[in-house]
Amino acid sequence: MDRMFRVISFWTGMMAILFMVGGMHEMAMLFFGQTGVFLALSYLNLTERTYIYIFGAYLTLFFVGFTYYTTFIMVPGVGH
């Protein structure tokens with residue numbers, strides 16, 4: 001399971017680089033932070049159940065934050 005967290009870290013790092021190239025610096029910093037957290041967690045050698053609980057908590061926080069952002073903050077149809 002620790003290897004899967006390294007895989008997640010790799011892909012969040014790739015997304016961070018793409019966000020940086022695309023000029024979305026705030027989103028890139030958020031994804032660089034996630035990359036660091038996932039990479040650090042992958043080297044803790046926790047039990048598989050603990051990794052599943054951590055990932056479930058991460059998904060719950062992401063979905064709550066994303067729903068809040070899209071419902072109350074995002075302005076539809078406004079672009080640069």
Side-chain angles (χ1 to χ4, degrees):
M1 199 64 192
D2 54 342
R3 291 181 185 170
M4 288 312 299
F5 268 68
R6 289 185 197 124
V7 170
I8 294 170
S9 174
F10 170 78
W11 285 112
T12 55
M14 289 295 110
M15 292 303 295
I17 291 169
L18 290 173
F19 283 132
M20 186 67 78
V21 170
M24 295 187 259
H25 299 291
E26 294 86 6
M27 188 67 77
M29 291 302 120
L30 178 67
F31 270 76
F32 278 129
Q34 289 179 8
T35 300
V37 168
F38 284 134
L39 193 60
L41 283 171
S42 73
Y43 285 105
L44 290 180
N45 293 326
L46 303 172
T47 64
E48 190 166 342
R49 176 179 281 185
T50 305
Y51 279 121
I52 294 295
Y53 285 154
I54 290 171
F55 189 66
Y58 165 75
L59 286 180
T60 302
L61 287 174
F62 170 78
F63 285 130
V64 167
F66 183 75
T67 303
Y68 177 80
Y69 174 78
T70 57
T71 304
F72 298 113
I73 297 175
M74 187 176 81
V75 179
V78 176
H80 293 257

From [atom1] ([X]) to [atom2] ([Y]), nearest 0.5 Å:
X: L59; Y: I54; atom1: CG; atom2: CD1; value: 12.5 Å
X: F31; Y: L18; atom1: CZ; atom2: CG; value: 10.5 Å
X: M15; Y: F10; atom1: CE; atom2: CZ; value: 12.0 Å
X: Y58; Y: F63; atom1: OH; atom2: CZ; value: 9.0 Å
X: L30; Y: M27; atom1: CG; atom2: CE; value: 6.5 Å

Note, [X] side chain near [Y] side chain (heavy atom, < 4.5 Å):
X: L61; Y: V64; answer: no
X: N45; Y: D2; answer: yes
X: M20; Y: M29; answer: yes

Query raised in the report: Between S42 and R6, is there a donor-acceptor pair closer than 3.5 Å when you use the side chain of the first and the backbone of the second?
Result: no
Report task. Would you check if the side chain of T60 reaches a backbone N or O of G56 as a donor-acceptor pair within less than 3.5 Å? Result -> yes
Assigning hydrophobic clusters by single linkage (Ile, Leu, Val, Met, Phe, Trp, Tyr; side-chain heavy-atom cutoff under 4.5 Å), is [X] placed with [Y]?
X: F62; Y: I8; value: yes
X: I52; Y: V37; value: yes
X: W11; Y: F19; value: no

Requested in this report: Quick one: sort the Y68 and F72 rings into parallel, tilted or perpendicular, breaks at 30° and 60°.
Outcome: tilted
Report task. Mind listing the closest non-hydrogen atom pair of A16 and A28 along with its distance? Result -> O-CB, 3.5 Å
Query - Stepwise side-chain contact (heavy atoms from CB on, under 4.5 Å) check, F55 with M1 - result: CA-CA 11 Å; F55 189 66; M1 199 64 192; 5.8 Å; no
Query raised in the report: How about Y43 and F5: are their ring centroids closer than 6.0 Å?
Result: no
Query - Side-chain donor-acceptor contact under 3.5 Å, T12 with S9 - result: no
